[in-house]
Amino acid sequence: MAIGEATSDSQAEGTGVEPAASGAGEGAGEAAHRQAVRRKWLLLAPALAILVFAASGPLLIVLVYSFLSPGPYGGVEWAFSTEGWFRVFFTRDIFDDTVGPADAHLSIFWRSVQLSVLTTLLAFLFGFPTAYFIATRERNREVWLFLITIPFWTNLLIRTFAIMEVIRNEGIINTALIALGLIEQPIQILFTDFSILLGMTYVYLPLMVLPLYASMDKIDFRLVEAAYDLYATRWQALRRVIFPLVKPGVIAGSILVFIPSLGAYVTPRVLGGGKNLMVGNLIELQFGQGRNWPLGAALSITLLVIVMVALILYVRNASRSGAEHG
Amino acid sequence: MATAAVEAQRVSKVFGEGPDQVVALDAVDVQIRQNEFFTLLGPSGCGKTTLLRLIAGFDHPTGGSILLNGEEMSGLPPFKRPVNTVFQNYALFPHMTVAGNIAFGLEMLGKGKAEVAETVDRMLKLVRMEALKDRQTSQISGGQQQRVALARALAPHPQVLLLDEPLSALDLKLRKEMQIELKRLQHETGITFIFVTHDQEEALTMSDRIAVMNHGKILQIGSPREVYDHPAERFVANFIGETNLIEADVLAIADGSARLRLGSGVETEADLPDGMEGRNRVTVAVRPEHASLADTDPTLSGQLETVVYFGTDTHYHVRLDGGDLFTVRTQNTRDGGEAHAPGSPIGIRIAEKSVQVLRD
């Protein structure tokens with residue numbers, strides 16, 4: 001928000017100067033202001049159009065569908081029903097109609113949150129030193145950054161299958177370990193939570209590295225020298241100086257990793273083997289085999305709410321602890 | 001004599017390798033005394049900042065050793081040296097307040113909360129910044145940032161304070177104020193100050209002693225008066241103040257002084273730098289203010305080329321008979337003095353004991 005305000009201010013200033021310089025009277029200031037406002041909306045228009053037609057619109061459809069009845073072969077029937085939302089949280093026994101909590105859904109949501117938090121943490125643990133390494137190079141930073149983006153050149157699905165090829169029972173790791181005589185039976189890596197974690201960390205790592213690098217690049221490393229000079233050990237300099245200064249990057253990177261992780265579909269599908277579901281797979285199931293579009297829609301909205309709540313809590317918390325340091 | 005606060009013994013620093021190799025410091029020897037305001041003076045790239053960074057521990061020498069109060073510092077990281085630095089760009093922590101910045105070093109040393117608070121207040125008072133204690137460092141002016149940087153570096157009471165061109169970003173008026181302020185702080189705290197600058201005036205006004213550096217070497221160390229009045233080398237004479245260089249024949253040498261004959265044929269006494277070997281022909285330096293225009297009995301003679309009026313004084317540029325240009329500076333008086341027309345022949349008289357022989 002603050003950034004948006006700042007730019008609109010400077011814009012108003014910029015456009016305000018021209019008519020004033022041309023010597024027009026008092027009305028010129030007002031005209032300039034109107035012009036500035038118009039320009040602001042014109043600049044915003046493309047983004048707004050996309051937001052309305054490509055995001056808010058479909059989201060509204062999803063919201064409406066969540067309150068309709070499922071059609072017999074998928075799709076929806078236009079009859080109001082809260083059954084979809086009811087089924088998000090509760091199950092009804094098909095024989096005696098007893099109602100119980102929807103343990104399966106809750107555990108899948110919980111697993112998804114856990115895996116996404118872990119993915120974000122791992123991405124940070126691997127991404128921070130990587131970004132620091134690149135930001136402290138004296139030359140060829142572009143080359144290193146370029147290397148970080150290379151994985152994006154290949155389709156996600158292909159990359160995920162490549163990981164599968166590496167970690168499956170007959171894959172490179174197990175074959176090598178057996179050949180070396182370290183193990184006799186292959187270790188089950190594929191189709192575990194670990195394999196999902198591995199896949200997601202790999203896929204989303206660049207999304208952590210790039211914003212971290214962007215904030216580290218702005219750090220004046222003489223500040224680190226100043227910290228050393230003032231008796232800070234390397235660890236203290238990292239904690240008291242570098243970390244607070246790259247915090248915006250940490251926040252941005254965590255958001256960029258956490259959100260897609262929570263809704264991940266391909267990675268858990270391929271590496272989790274259909275057994276270890278995440279929310280994304282559960283939603284797909286309802287729109288596909290489950291033929292329960294209202295439930296799928298309700299689950300989607302639930303996921304959205306979880307993401308929003310998590311984001312608000314995270315950003316608020318992060319900026320507060322920032323204020324304490326400052 | 002007491003142990004030197006800082007001693008550099010044949011310290012060298014080479015950056016890069018092979019053909020790209022740059023010798024930043026070339027076997028530098030220097031002893032900096034306790035409680036001294038010591039200035040490293042030289043043009044950019046002369047190695048003064050490199051020497052400072054070696055003392056602080058940010059870089060490590062390729063050869064020789066650095067002693068602090070007689071203790072070998074080699075291999076010690078900056079956070080284990082009782083030395084603090086005021087950086088050229090201040091390097092204040094942007095995510096901390098003024099007080100937070102000053103407290104940083106004390107906190108890192110593990111001082112108690114009460115002691116930190118008490119010292120921070122004392123430091124704020126010392127640099128007259130009490131009112132801005134809780135400001136963010138981005139909300140204060142350059143001169144104020146300078147004071148905070150000083151307070152931050154002084155707060156842990158280091159044995160030696162290093163200052164890396166700390167005044168270069170300030171405007172002239174503020175710079176003059178801070179020069180006096182720095183001198184006061186050094187006096188009040190009794191800490192050894194090592195000050196790096198390329199500004200000869202700054203060096204002359206503040207220092208107890210000055211080391212003039214060029215090309216990774218210290219050319220001369222002495223009090224401001226010594227390096228100004230008795231420059232040992234051409235570079236020193238030129239770098240500090242304005243100077244006239246003229247050639248002379250050596251007639252006789254005896255304990256620290258020489259009898260010379262100038263181009264005009266006039267004979268004069270001149271001071272010799274230490275360790276100067278006998279030579280037939282030497283270059284001598286004469287300060288413009290140590291010479292005057294004279295109609296009778298001149299030391300040198302030539303033709304007046306230009307007259308430049310500076311308010312407090314006037315510069316006369318004289319083309320000597322030998323072809324060299326010689327500048328005479330005279331203090332102005334209200335009566336305007338004698339008028340000299342450019343182009344007219346003119347004589348120059350050099351004051352007694354004002355000729356300094358240069359080593360090269």
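In what follows, chains are A, B, ... by sequence order, proteins preceding strands, each numbered from 1.
- Residue-environment remark: CD (Glu71(B)) stays at or below the threshold of 12 foreign heavy atoms within 6.0 Å.
- Between Glu107(B) and Arg240(A), the closest heavy-atom pair is OE1-NH2, 3.0 Å.
- To the nearest 0.5 angstrom, Arg222(A) atom CZ is 12.0 Å from Tyr90(B) atom OH.
- More than 12 heavy atoms of other shown residues, nucleotides or ligands fall within 6.0 angstrom of atom CZ in Phe58(B).
- In this structure, the portion of Phe87(B) lying under 4.5 Å from any heavy atom of chain A is its side chain and not its backbone.
- More than 12 non-hydrogen atoms from other residues, nucleotides or ligands lie less than 6.0 angstrom from NE2 of His60(B).
- Both the backbone and the side chain of Arg152(B) come within contact range of chain A, each with at least one heavy atom under 4.5 Å from a heavy atom of that chain.
- Considering every non-hydrogen atom in both Ala56(B) and Asp229(A), the closest pair reads CB-OD1, 4.4 Å.
- At a 4.5 Å heavy-atom cutoff, Ala237(A) makes no contact with chain B through either its backbone or its side chain.
- Interface residue Leu92(B): only backbone heavy atoms are found under 4.5 Å from chain A.
- Residue with the most contacts toward chain A among Leu109(B), Asn84(B), Thr85(B): Asn84(B) (heavy-atom pairs, distance under 4.5 Å).
- Taken from CG in Asp220(A) to CG in Asn89(B), the straight-line distance is 5.5 Å, to the nearest 0.5 Å.
- When heavy atoms are compared at a cutoff of 4.5 Å, Leu223(A) approaches chain B by way of both its backbone and its side chain.
- Taking each heavy atom of Ala226(A) and Ala91(B) in turn, the nearest pair found is CB-O, 3.9 Å.
- Two residues are said to be in side-chain contact when any heavy atoms from C-beta on lie closer than 4.5 Å; Lys247(A) and His95(B) fail this criterion.
- Few gaps surround OH on Tyr314(A); more than 12 heavy atoms of other groups in view lie less than 6.0 Å from it.
- In this structure, Glu17(B) places its CD atom where only 12 or fewer heavy-atom neighbours from other residues, nucleotides or ligands lie under 6.0 Å away.
- Counting heavy-atom neighbours within 6.0 Å of Lys111(B) NZ, excluding the residue itself, gives a total of 12 or less.
- The two residues Pro156(B) and Tyr231(A) have their closest heavy-atom pair at CB-CE1, 3.5 Å.
- A 4.5 Å side-chain heavy-atom check between Leu245(A) and Phe93(B) finds every atom pair outside the cut-off.
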